[in-house]
Amino acid sequence: MKERISTNVLLAIIAVGVMTFSGVTVETSMNITFPTLISEFHIGLNVVQWITTIYLLVLSSVIPLSKFLKERFKTSHLFICASILFLIGLVVDAMAPEFIFLLLGRLIQGIGTGIALPLMFNIILENVPKSRLGFMMGFGSLITAAASAVGPTFGGIIVNTLGWRYIFIILIPILVLAFILGIISVPKLPQSELSNNKFDVFSFILIFLTFAGLIFGISNISSKPLLSVNVILPIIIGIIALTMFIKIQNRKEEPILNVKILKNLAYSKYVIAFFINQLIILGLSFIVPNYVQIINHSSSSIAGLILLPGAVVGAIISPFSGSLLDHLGAKKPILTGIGAIVISLLYLAATSYNLSDTIFTIFYTIIMIGIGLSYGNIMTKGLDYLAADIKADGNAILTTVQQFAGAIGTVIVSTIITKITAISGTNNVIGYTFAILFLAILSIIQFLVVFSTKE
């Protein structure tokens, strides 16, 4: 196989990557708009949060279908479908006269991004030479990692200058250009033979019930008692649906998702590490701007800008770290990156009572360097433990886990802050201390999980 990556492959990755970046950017930037939307549409916080919840629910339900879609439809057709759906969703949201139309647009965008996100990594896995795989997986991973951090800054600036509708309007011409780029390049990619597998409707319903139950149940923890029906019942439904889904898939000759690959211990360890990485990213994107505004009394614009240097540096580091994997192996850059995250989080937890905006900016940037060194390489190395014919299943599981971590990461962190602060009374900082310490403990577990895996 040639070591050179063809122009068509690069253009295809960029085209799908732009759509993925846009999807994640809208997801994280919409959190900034909540106060504005509550005022404009005369709704409560429990209603406005559906903008994020319905998007993540649809996204998490569509991504597990990526293996089926890949085997059933041409890559070019999937790209066209994802692009058109995302563009329709943007237009609906930009023009939404009522809140229900805003939700509809987010639902449509969730379907488009759910198709595009695993599609990008499948294109990389199938068309990039092994010697350049680490670099390109790093490039692909930086798209989602950077977008998670850039979103709040982008959203804050747009809301304060142009208005929330321009979050969608600005992205429309960008997505049109990406669509044109993809139309030129994606059809020229090699296409494997398609199957005639039938769509398993019941399995899809179980996927939806799994994520609906778990996301709603965990989301309710922040506002309801831990042992209330609103928390316990949805989680039980999610667990039952997940158990049934796994049993059904294990019995099928052509499963919608091959969950048996989780018996591969090394791969499963990297799935856990990937989950923790995403949870840390989303958790910090909530902690930092809220601490800066509530504790340091800084503006929302400054709170968003504090995240920007880390996002930029992390984006630059990601492809570079992939090159390190290509030359040095995976564990050295991954453990170095996780080590930087552990040390930074422990420092922030220890000094949480006196964290200036500058200190937060510095250590958040160090953490994002650590994310850049580890994030894409965890995904690349995890998939390396799988045979070529099941990498699409592995990719689907990793990207599903990524979105689920994103769905619950903010909820878990905000719940810790809220509950601890309520117990402590007037001490507003201690909740943030425990939230940062929680992420630090997770990062230590992540380090040990990767360290215990053979190269």
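The figures that follow rest on heavy atoms only: side chains count, while hydrogens, waters and symmetry mates do not. Because the structure is a prediction, the values reported are computed rather than measured.
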Legend entry - 4.5 Å side-chain heavy-atom contact, I115 and C81: yes

Inset, instruction - Measure the shortest side-chain to side-chain distance between T113 and M19 over non-hydrogen atoms and say whether it is less than 4.5 angstrom. - result: no

Inset, instruction - Count the heavy atoms belonging to other residues, nucleotides or ligands that lie under 6.0 Å from CZ of F204, then report whether that count exceeds 12. - result: yes

Can you tell me how far [atom2] of [Y] sits from [atom1] of [X], rounded to the nearest 0.5 angstrom?
X    : Y    : atom1 : atom2 : value
L355 : T361 : CG    : OG1   : 11.0 Å
I359 : N354 : CD1   : CG    : 8.5 Å
I397 : I390 : CD1   : CD1   : 9.0 Å
I246 : L257 : CD1   : CG    : 9.5 Å
L345 : S443 : CG    : OG    : 5.0 Å
K331 : I378 : NZ    : CD1   : 12.0 Å

Legend entry - Exercise: do N395 and S66 side chains pair donor with acceptor under 3.5 Å: no

Legend entry - Any donor-acceptor N or O pair under 3.5 Å, side chains S352, Y291: no

Can you classify the ring geometry of [X] versus [Y] as parallel (below 30°), tilted (30 to 60°) or perpendicular (above 60°)?
X    : Y    : answer
Y347 : F363 : parallel
F168 : W164 : perpendicular
F179 : F79  : parallel

Inset, instruction - Using the side chain to side chain contact (heavy atoms under 4.5 Å, CB included) rule, take V449 and Q446 through it: C-alpha gap first, then chi angles, then the decisive distance, then the call. - result: CA-CA 5 Å; V449 166; Q446 182 188 32; 5.7 Å; no

Examine distances only and state if a side-chain atom of [X] and a backbone atom of [Y] form a donor-acceptor pair shorter than 3.5 Å.
X    : Y    : result
S268 : L262 : yes
K391 : L386 : yes
Q249 : V259 : no
Y55  : G23  : yes
N377 : I334 : no
D384 : T380 : no

Inset, instruction - Please identify each residue that fulfils side-chain hydrogen bond (donor to acceptor under 3.5 Å, both in side chains) with T161, with sequence neighbours left out. - result: none

Inset, instruction - For S185, enumerate each residue passing the side-chain hydrogen bond (donor to acceptor under 3.5 Å, both in side chains) test, keeping only those at least two apart in sequence or located in another chain. - result: none

Inset, instruction - Kindly indicate whether a cation-pi arrangement holds for K381 with Y385, taking the cut-offs as under 6.0 Å to the six-membered ring centre and within 45° of the axis. - result: yes

Legend entry - Evaluation steps, side chain to side chain contact (heavy atoms under 4.5 Å, CB included), between V159 and I167: CA-CA 8 Å; V159 170; I167 291 175; 4.2 Å; yes

Inset, instruction - Check the pair S374 / N277 against side-chain hydrogen bond (donor to acceptor under 3.5 Å, both in side chains), numbers first and verdict last. - result: CA-CA 8 Å; S374 58; N277 229 340; 3.2 Å; yes

Inset, instruction - Run the numbers on M379 and Y270 for side chain to side chain contact (heavy atoms under 4.5 Å, CB included), then give the verdict. - result: CA-CA 7 Å; M379 189 175 194; Y270 276 85; over 6 Å; no

Inset, instruction - Please name the residue in the list V58, L59, L85 that meets the side chain to side chain contact (heavy atoms under 4.5 Å, CB included) test with L107. - result: V58

Legend entry - side chain to side chain contact (heavy atoms under 4.5 Å, CB included) assessment of I430 paired with F434: CA-CA 6 Å; I430 191 169; F434 272 83; 3.6 Å; yes

